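So the structure is just underneath, and the comments pick up after that.
In listed order, ligands and their atoms are each counted from 1. These numbers were taken from a predicted model, which means no experiment stands behind them. One is the number of the first residue; the rest follow in order along the sequence.
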Amino acid sequence: MLVKDIVFSAMQPSNNLTIGNYIGAIKQWVNIQNTYKCIYCIADLHAITNNNFNNLKTLSLNTLALYLACGIDPDINIICLQSKIVEHSQLHWILSCYVNWNKLRHMTQFKNRYMKYSHLSNKITVGLFTYPILMTSDILLYQTKYVPVGYDQKQHLEFSREIAKNFNKKYGNIFTIPKPIIAKISKITSLLNPKKKMSKSDINNNNYISLLDKPELVTKKINNAITDSDNPPIIKYDLKNKPGISNLLNILSVLTNISITNLEKDLNNTNYRQLKRIVANEINNILFKIQKKYFSIRNKEKYLNSILISGNRKAKIIAKNTLSKVYKVVSIK
Ligand code: AMP
Ligand code: TRP
């Protein structure tokens, strides 16, 4: 039997997933699930870097139900909960003894959060700083070959590759060197600030479309999305000068499978209000299917927990094996 390459990816259950998570990551996860051996994780340990949750278990189950509702098949993939596989934290410590702290200072995500919280120095935790090492541990524990993520995670993946290469150079072939899989359209931006990434932890929920938003709310949020004041209106892809319109075109292109160039031609005589109506309709079509499935399974907690128990068990076997190799070479076993 041919051994399939391993795919690993994860999302933080910091809020319900957005259309950005769907387009940047989950859609790829679904597309490759029959080709590779896929491990899709819920990164609850990463989520606590925000340390303001009292309902993380609920949010993790919401995330799991959304994975399934988007088409992740629990019968062919391993779906697991990061905190239940202690090897993630254990490898994190070992690797943190092999990373120069200066490297972490230059990670974009850290710098952004640092700027955001600079007036609240108690919010800038060591966990926020070492976050990329935990992410690297997630990936390397499973001998992962491919990591499907959105564009914003590219730098973290480069970091993981570098750690794996350095470790292998010192100790032999301990880790598979992971490669990112990044879709052509992999950055959906905020609706009211289209130069910024759409984020599920944005304090203003008008900036994102949650996969659980009701149709009227989706329509309202898209109608309020920032475009530009070109007169006459021009529907043209131009990320620098027309980020709002480009974002709507990106969303529409992924959801309809029509190229941006063809959309520009088709929408030549369309005004912004009409474009927004088309985009909102497409989003509502896809959310209708996702929500139907979501609400049919979300209250079956026994079923959802059984998926995690089985996934955690399978994941742990692989993780333990890698960790034991690492312990051996660093001479603590
Ligand atoms: P997070 O929401 O930070 O847990 O991200 C989970 C996955 O979704 C990662 O692969 C991200 O790159 C992807 N992702 C999150 N937000 C976006 C976005 N606005 N556009 C594209 N991909 C995204
Ligand atoms: N840090 C990722 C994000 O915010 C989530 C994540 C945690 C992840 N561990 C991972 C993604 C491992 C890919 C692989 O998007």
Side-chain angles (χ1 to χ4, degrees), residues 6-30 32 38-50 56 59-60 62-63 66-67 70 72 80-83 85 88-89 91-92 95 107-110 112-113 127-128 130-161 163-164 178-202 207-211 239 243 246-247 250-251 253-254 315 319:
I6 294 187
V7 160
F8 181 96
S9 200
M11 301 215 177
Q12 302 179 59
S14 43
N15 199 350
N16 292 326
L17 307 182
T18 69
I19 192 88
N21 295 123
Y22 178 77
I23 291 176
I26 297 205
K27 212 161 176 288
Q28 279 60 255
W29 296 11
V30 173
I32 59 180
C38 301
I39 303 169
Y40 295 133
C41 185
I42 298 162
D44 56 347
L45 293 178
H46 276 104
I48 61 170
T49 49
N50 269 333
L56 210 50
L59 285 169
S60 296
N62 292 0
T63 303
L66 280 171
Y67 284 1
C70 290
I72 302 293
C80 57
L81 186 61
Q82 187 186 30
S83 60
I85 304 149
H88 290 247
S89 318
L91 183 59
H92 169 266
L95 293 182
M107 304 305 283
T108 312
Q109 189 169 307
F110 174 73
N112 288 345
R113 290 236 225 153
L128 204 57
T130 61
Y131 175 114
I133 306 182
L134 181 59
M135 180 162 162
T136 300
S137 309
D138 298 343
I139 296 168
L140 300 188
L141 267 181
Y142 298 99
Q143 305 296 344
T144 303
K145 185 88 179 265
Y146 300 111
V147 187
V149 280
Y151 187 79
D152 61 305
Q153 296 301 315
K154 192 166 179 257
Q155 193 188 39
H156 286 157
L157 256 294
E158 277 157 16
F159 175 85
S160 302
R161 281 169 64 80
I163 296 186
K179 282 198 194 110
I181 300 182
I182 298 177
K184 209 161 127 228
I185 295 174
S186 62
K187 186 178 179 187
I188 301 304
T189 57
S190 152
L191 298 175
L192 300 178
N193 185 355
K195 294 228 160 188
K196 227 179 68 184
K197 184 186 103 164
M198 179 185 283
S199 165
K200 58 175 138 61
S201 43
D202 200 310
N207 274 323
Y208 58 79
I209 304 278
S210 158
L211 296 184
L239 279 177
S246 305
N247 193 37
N250 272 336
I251 296 173
S253 172
V254 173

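- Around atom 1 (P) of ligand 1, the closest heavy atom drawn from Lys196, Met11, Lys200 belongs to Lys200.
- Classification of the Tyr142-Phe8 ring pair by plane angle, with boundaries at 30° and 60°, yields parallel.
- Considering backbone and side-chain atoms alike, Gly150 places an N or O below 3.5 Å from some N or O of ligand 1.
- Considering backbone and side-chain atoms alike, Ala25 places every N or O at 3.5 Å or more from each N or O of ligand 1.
- Of all protein heavy atoms, the one lying nearest to atom 23 (C) of ligand 1 is Gly20 O, 3.5 Å.
- Ranking the protein heavy atoms by distance from atom 3 (O) of ligand 1 puts Gln12 NE2, 3.7 Å first.
- The CD1 atom of Ile42 sits 12.5 Å away from atom CD of Gln12, with the distance rounded to the nearest 0.5 Å.
- Of all protein heavy atoms, the one closest to atom 16 (N) of ligand 1 is Met198 O, 3.6 Å.
- Each of Asn62, Thr63, Asn21 was compared with Asn16 under the side-chain hydrogen bond (donor to acceptor under 3.5 Å, both in side chains) criterion, and only Asn62 meets it.
- To the nearest 0.5 angstrom, Tyr67 atom OH is 10.0 Å from Tyr40 atom OH.
- When every heavy atom of Ser89 is checked against every heavy atom of Leu45, the shortest pair comes out as OG-CD1, 3.8 Å.
- Contact residues of ligand 2 (protein heavy atom closer than 4.0 angstrom to a ligand atom; sorted by chain and number): Phe8, Ser9, Ala10, Gln12, Ala43, His46, Tyr131, Met135, Asp138, Ile139, Val147, Val149, Gln153.
- Taking distance alone, with nitrogen or oxygen atoms compared against 3.5 Å, Val149 stays at or beyond that limit from ligand 1.
- Interface atoms of ligand 1 facing Lys187, defined by a heavy-atom separation under 4.0 Å, are 20 (N), 21 (C).
- Residue Phe110 places its CZ atom among more than 12 non-hydrogen atoms of other residues, nucleotides or ligands, all under 6.0 Å distant.
- In this structure, CE in Met198 is found 6.0 Å from OG1 in Thr18, a value given to the nearest 0.5 Å.
- From the protein, the heavy atom lying nearest to atom 21 (C) of ligand 1 is Ser186 O, 3.0 Å.
- Once rounded to the nearest 0.5 Å, the distance linking OG1 of Thr136 with OH of Tyr131 reads 11.0 Å.
- If you check which protein heavy atom lies closest to atom 20 (N) of ligand 1, you get Ile188 N, 2.9 Å.
- In terms of heavy-atom proximity, Pro13 sits nearest to Ala43 at CD-O, 3.3 Å.
- Looking at Asp152 next to ligand 1, an N or O pair under 3.5 Å apart turns up.
- Of the polar atoms of Gln153, none of the N or O atoms is found under 3.5 Å from an N or O of ligand 1, judged by distance alone.
- Shortest contact from atom 14 (N) of ligand 1 to any protein heavy atom: Asn21 ND2, 3.7 Å.
- Applying side-chain hydrogen bond (donor to acceptor under 3.5 Å, both in side chains) to Thr108 and the options His156, Lys154, Gln155 leaves one that passes, Gln155.
- Between the side chains of Gln82 and Asp138, at least one donor N or O sits under 3.5 Å from an acceptor N or O.
- No side-chain N or O of Lys200 forms a donor-acceptor pair with one of Ser210 less than 3.5 Å apart.
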